[in-house]
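Report on the structure given below.
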Amino acid sequence: MASKLLIAFLLGAISMTVVSAQNFDFFYFVQQWPGSYCDTDSGCCFPLSGSPGAQFGIHGLWPNYNDGGYPSDCGGDSFDPNVLSDVLTDLNREWGSLACPSSDSESFWSHEWTKHGTCSGFSQHDYFKAALNLYNQYDLTGGLAAAGINPDGSQYKVEDIRNALKSVLGQLPGIQCNKDQSGNRQLYQVYVCVATDGQTVIQCPVFPKNECKGSVEFPVYQSNSAASSDANVLRSDL
């Protein structure tokens with residue numbers, strides 16, 4: 001009897017874990033402009049794999065609720081970089097860490113998997129692959145350039161940025177800003193809303209908190225000059 005109860009308990013626990021991991025409404029697929037990350041008081045450090053190009057890079061694929069909340073740290077498999085061997089080149093190119101000190105980005109990926117990926121309902125490989133597929137399908141940097149919105153240090157209206165990205169995505173994204181070393185607002189992150197299948201862009205049920213309004217700077221990015229002290233610590237995300 002005791003063994004049957006134990007088996008029933010374990011099956012129930014497994015079932016609850018799966019349900020919990022898939023209990024969300026949509027994903028935020030978040031991309032960041034490296035020039036804005038680097039142009040702050042904290043600065044940045046390039047990953048050991050090399051400096052990122054002048055294009056938006058992946059920050060994460062985050063399960064979210066329609067009320068603006070989100071699940072996190074849902075348990076399950078620990079991060080295993082060996083699982084990602086076939087996509088490692090793409091991860092280094094599109095999803096490298098800009099945090100200091102410089103690293104091989106595995107700490108960044110581990111954080112994203114542990115906090116967000118374990119709640120996605122995907123295996124580790126499928127989670128990272130889904131983000132890479134989305135990234136390769138929608139060229140945000142190119143979409144902005146096609147609308148005459150370039151990283152030249154000029155000010156651009158946020159609504160013009162959103163509408164330019166809608167021409168690429170089919171839906172309006174959320175826009176988040178940060179501040180440069182002089183306190184000026186700059187274009188930082190783009191929040192694309194994606195269905196729970198991890199591949200279909202949808203209308204955002206809710207936009208990120210503190211979304212940008214008005215006009216913002218689209219800062220210049222020079223991949224060979226942005227750097228900062230190794231004393232800076234790894235930043236956490238939302």
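All values reported here derive from a predicted model rather than from experimental measurement.
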Do the non-hydrogen side-chain atoms of Asn210 and Gln176 ever get within less than 4.5 Å of each other?
-> no
Within a strict 4.5 Å, meaning less than it, do heavy atoms of the Asp77 and Thr118 side chains meet?
-> no
Strictly under 6.0 Å, is that where the ring centroids of Tyr65 and Phe24 end up?
-> no
Is it true that Glu159 and Lys166 have a side-chain N and a carboxylate O under 4.0 angstrom from each other?
-> no
Does Asp25 use its side chain to pair, donor to acceptor, with the backbone of Asn66 at less than 3.5 Å?
-> yes
Has the side chain of Trp33 got a donor or acceptor atom that lies under 3.5 Å from a matching backbone atom of Pro219?
-> yes
Cys100/Cys44 sulfur gamma separation below 2.5 Å | no
Just do the side chain to side chain donor-acceptor pair (under 3.5 Å) check on Glu217 and Gln186 with the steps written out, would you?
-> CA-CA 4 Å; Glu217 179 187 358; Gln186 51 188 8; over 6 Å; no
Go through the structure and list residues passing salt bridge (charged side-chain N to carboxylate O under 4.0 Å, His left out) with Arg93, not counting sequence neighbours.
-> Asp90
Keeping the roles fixed (side chain from Ser102, backbone from Leu48), state whether a donor-acceptor pair exists under 3.5 Å.
-> no
Establish, yes or no, whether a centroid distance under 6.0 Å links the rings of Trp95 and Phe128.
-> yes
Ring-ring centroid check Trp109 Phe79, cutoff 6.0 Å = no
Please assess Asp86 against His125 for the test side chain to side chain donor-acceptor pair (under 3.5 Å), listing each intermediate value before the final yes or no.
-> CA-CA 9 Å; Asp86 65 315; His125 182 276; 2.9 Å; yes
Going from CD on Gln32 to CG on Leu98, what distance comes out if it is rounded to the nearest 0.5 angstrom?
-> 6.0 Å
